[in-house]
**Student:** 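Below: one structure in structure tokens.
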Amino acid sequence: MSKIKVKIFNDYKLMSKTVANEIIKRISKKPEISISLPTGSTPIETYKILVKESKKLKLSFSKVKFFQLDEYLGLSKENSMSYYYFLNYYLFKHLNFDEKNICVFNGLTRNLEVECLFYEEELKKTNGLDLILLGIGNNGHIAFNEPGTPIKAGTRVINLSLQTINANSRFFKNIHDVPKYALTMGIAEILEAKEIFLFANGENKAQAVSNALYGAVTKNLPASYLKNHPHVTFFLDKKAASYLN
Ligand code: GLP
């Protein structure tokens, strides 16, 4: 049986507020927390609330160690479609992170092996992140670990699935502009985190969420691997939870 805790909210705003407050609680308790936060449309409201509330509370991020979850290959930090750009736009530039505590991927790297090794080494120093917040792809991917990813997969380059390229094309002018490859934290590293949050809103996530919670643990649905972890909480709006019993 799954040990995953499930919290269901009436709407996206309430879900976002709760997730933001849970993050704030953990940073207040442990200012040197190591954390990884996602990109995408799901986190936008959470980050707005996180920034607003953190400023109100004068919460310092100067000791927070931040790890990027995933990044498109071939996009520079200045490219507005890159995940670094997103994180900077919604988080880094508003909060007093110390640049030396931010570990991000170089989407323009020419040496993929070195890039992944460097990231893994940095991650190892944390001895497992304190908290990872994940979104979920409508095909059940977490970070950019696409269906077919083995449980032991580490940081690596991934060939994006057609489904993900289609889903993410909404952010790009043209579907052909969506990168075909990405760098991602692996499942093994995600499962090493001490605590994991996953949040989802909207009916297009309902099937993946229900399969992750009720289905078998399978490489065909990477989010199902979260069932192997003892401290996972799903935060869902009513629509994303609409296929749950
Ligand atoms: C993207 C990212 C994930 C993200 C997911 C959901 O492809 N690689 O890290 O969690 O898909 O994105 P969204 O919140 O936009 O639905």
Side-chain angles (χ1 to χ4, degrees), residues 4 7 12 15-24 26-27 33-51 61 64-73 75 77 80-92 94-95 97 102-105 107 119 123 126 129-146 149 153 155 158 160-161 164 167-168 170-171 178-179 182-187 189-202 204-205 208-209 212 221-223 225-226 229 232-237 240:
I4 296 177
K7 298 189 180 194
Y12 172 65
M15 178 197 82
S16 307
K17 200 173 165 195
T18 308
V19 174
N21 284 333
E22 291 299 321
I23 297 170
I24 287 174
R26 280 153 186 79
I27 299 177
I33 191 170
S34 54
I35 197 168
S36 186
L37 303 174
T39 53
S41 42
T42 314
I44 292 177
E45 188 61 24
T46 300
Y47 294 167
K48 285 185 181 162
I49 299 169
L50 180 66
V51 167
F61 284 69
V64 174
K65 289 180 212 77
F66 185 95
F67 285 81
Q68 189 174 12
L69 255 190
D70 46 12
E71 180 59 280
Y72 287 120
L73 208 57
L75 301 190
K77 287 183 180 176
S80 61
M81 290 297 112
S82 77
Y83 283 177
Y84 177 85
Y85 189 97
F86 176 100
L87 292 167
N88 188 47
Y89 184 87
Y90 285 105
L91 293 173
F92 301 153
H94 304 287
L95 302 167
F97 280 99
I102 294 179
C103 181
V104 292
F105 290 113
Y119 182 90
L123 208 49
T126 69
L129 293 172
D130 291 304
L131 175 67
I132 299 190
L133 172 63
L134 297 168
I136 183 169
N138 50 19
N139 63 357
H141 75 236
I142 46 176
F144 260 139
N145 293 285
E146 292 278 33
T149 300
T155 302
I158 186 116
L160 297 177
S161 71
T164 298
N168 291 2
R170 69 189 193 277
F171 298 110
V178 185
L183 290 156
T184 186
M185 186 189 289
I187 295 290
E189 293 142 344
I190 290 175
L191 293 179
E192 266 166 28
K194 299 184 182 71
E195 188 174 23
I196 301 174
F197 291 163
L198 181 146
F199 59 172
N201 68 290
N204 63 327
K205 300 292 174 71
V209 164
L221 195 96
Y225 288 138
L226 299 174
H229 191 283
V232 180
T233 310
F234 278 20
F235 298 82
L236 311 169
D237 80 340

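Just so you know, residue 1 is the first one in the sequence shown, and it goes up from there. Bear in mind that the values here come from a model prediction, so they are computed numbers and not experimental data.
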**Student:** Considering non-hydrogen atoms only, spot the tightest contact between Asn138 and Ala208 and give its length.
**Tutor:**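 Smallest heavy-atom distance, with atoms named: O-CB, 3.8 Å.
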**Student:** Can you check whether Leu183 reaches Asp70 side chain to side chain, under 4.5 Å on heavy atoms?
**Tutor:**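 Not in contact.
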**Student:** Would Glu22 and Val19 count as a side-chain contact (heavy atoms from CB on, under 4.5 Å) if you check the C-alpha gap in whole Å, the side-chain angles of each, and the deciding distance to 0.1 Å?
**Tutor:** CA-CA 5 Å; Glu22 291 299 321; Val19 174; 5.7 Å; no
**Student:** What heavy-atom pair brings Ile132 and Glu189 nearest, and what distance separates the two atoms?
**Tutor:**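 Shortest heavy-atom separation between Ile132 and Glu189 comes out as CD1-O, 4.3 Å.
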**Student:** Is there a side-chain contact between His141 and Thr164 (heavy atoms, below 4.5 Å)?
**Tutor:**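 Answer yes - side chains close enough.
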**Student:** Which distance, rounded to the nearest 0.5 Å, do you find between the CD1 of Ile35 and the CG of Leu131?
**Tutor:** 4.5 Å
**Student:** How many angstroms lie between CG in Leu37 and CG in Leu87, if you round to the nearest 0.5 Å?
**Tutor:**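 Reported to 0.5 Å precision, the distance equals 7.5 Å.
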**Student:** Is there side-chain contact between Asn139 and Glu146, with heavy atoms separated by less than 4.5 Å?
**Tutor:** yes
**Student:** Apply side-chain contact (heavy atoms from CB on, under 4.5 Å) to residues Ile196 and Leu133 and explain how you reach the verdict.
**Tutor:** CA-CA 6 Å; Ile196 301 174; Leu133 172 63; over 6 Å; no
**Student:** For Ile49 and Ala20, work out which heavy atoms get closest and say how close.
**Tutor:**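 Between these two residues, the closest heavy atoms are CG2-CB, 3.8 Å.
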**Student:** Show the nearest heavy-atom pair for residues Pro43 and Pro38, with the distance to one decimal.
**Tutor:** CG-O, 3.7 Å
**Student:** Are Tyr83 and Phe144 an aromatic pair, judged by ring center distance below 6.0 Å?
**Tutor:** yes
**Student:** Verify, without hydrogens or angle tests, whether Glu71 (side chain) and Gly107 (backbone) share a donor-acceptor contact under 3.5 angstrom.
**Tutor:**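 No, Glu71 side chain to Gly107 backbone: no donor-acceptor pair under 3.5 Å.
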**Student:** Does any part of the side chain of Thr39, heavy atoms only, come nearer than 4.5 Å to the side chain of Leu69, both counted from C-beta?
**Tutor:**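 Sidechains of Thr39 and Leu69: no contact.
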**Student:** For the pair Tyr84 and Phe92, name the ring-plane relationship: parallel under 30°, tilted 30 to 60°, perpendicular over 60°.
**Tutor:**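 The arrangement is tilted - the two ring planes meet at 30° to 60°.
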**Student:** With rounding to the nearest 0.5 Å, note down the distance linking CD1 in Ile4 to OG1 in Thr233.
**Tutor:** 9.0 Å
**Student:** Does the side-chain contact (heavy atoms from CB on, under 4.5 Å) test come out yes or no for Tyr119 and Met185, once each step is laid out?
**Tutor:** CA-CA 9 Å; Tyr119 182 90; Met185 186 189 289; 3.1 Å; yes
**Student:** To the nearest 0.5 Å, how far apart are CG in Leu75 and OG in Ser80?
**Tutor:** 9.0 Å
**Student:** To the nearest 0.5 Å, tell me how far Asn201 CG sits from Ser16 OG.
**Tutor:** 7.0 Å
**Student:** Between Phe235 and Thr18, is there a side-chain heavy-atom distance shorter than 4.5 Å?
**Tutor:**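 Of all side-chain heavy-atom pairs linking Phe235 with Thr18, at least one is under 4.5 Å.
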**Student:** Would you sort out whether Met15 and Leu236 count as a side-chain contact (heavy atoms from CB on, under 4.5 Å), showing the intermediate values?
**Tutor:** CA-CA 7 Å; Met15 178 197 82; Leu236 311 169; 5.6 Å; no
**Student:** Indicate yes or no: at least one non-hydrogen side-chain atom of Leu123 is less than 4.5 angstrom from one of Cys103.
**Tutor:** no
**Student:** Does His94 reach the main-chain N or O of Leu50 with its side chain, forming a donor-acceptor pair under 3.5 Å?
**Tutor:** no
**Student:** When you measure from the side chain of Gln68 to the backbone of Phe105, do you find a donor-acceptor pair of N or O atoms at a distance under 3.5 Å?
**Tutor:** yes
**Student:** Counting heavy atoms not belonging to Phe171, are there more than 12 under 6.0 Å from its CZ?
**Tutor:**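 Yes.
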**Student:** For the residue pair Leu221 and Gly140, what are the closest heavy atoms and their distance?
**Tutor:** CD1-CA, 3.8 Å
**Student:** With a 4.0 Å cut-off on N to O distance, would you call Lys17 and Glu45 a salt bridge?
**Tutor:** no
**Student:** How are the rings of Phe66 and Phe97 set relative to one another: parallel (under 30°), tilted (30 to 60°) or perpendicular (over 60°)?
**Tutor:** perpendicular
**Student:** Please name the pair of heavy atoms, one in Leu129 and one in Ser36, separated by the smallest distance, quoted to 0.1 Å.
**Tutor:** CD1-CB, 3.7 Å
**Student:** Side chains of Leu226 and Leu134: closer than 4.5 Å at any heavy-atom pair?
**Tutor:**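 A side-chain contact under 4.5 Å exists here.
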**Student:** Is the distance between the ring centroids of Phe234 and Phe199 under 6.0 Å?
**Tutor:** no
**Student:** Let me see the working for Asn145 and Tyr225 under side chain to side chain donor-acceptor pair (under 3.5 Å), right down to the final yes or no.
**Tutor:** CA-CA 11 Å; Asn145 293 285; Tyr225 288 138; over 6 Å; no
**Student:** NE2 of His229 to CG of Leu191: how many Å apart, nearest 0.5 Å?
**Tutor:**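 Taking NE2 in His229 and CG in Leu191, the distance rounds to 6.5 Å.
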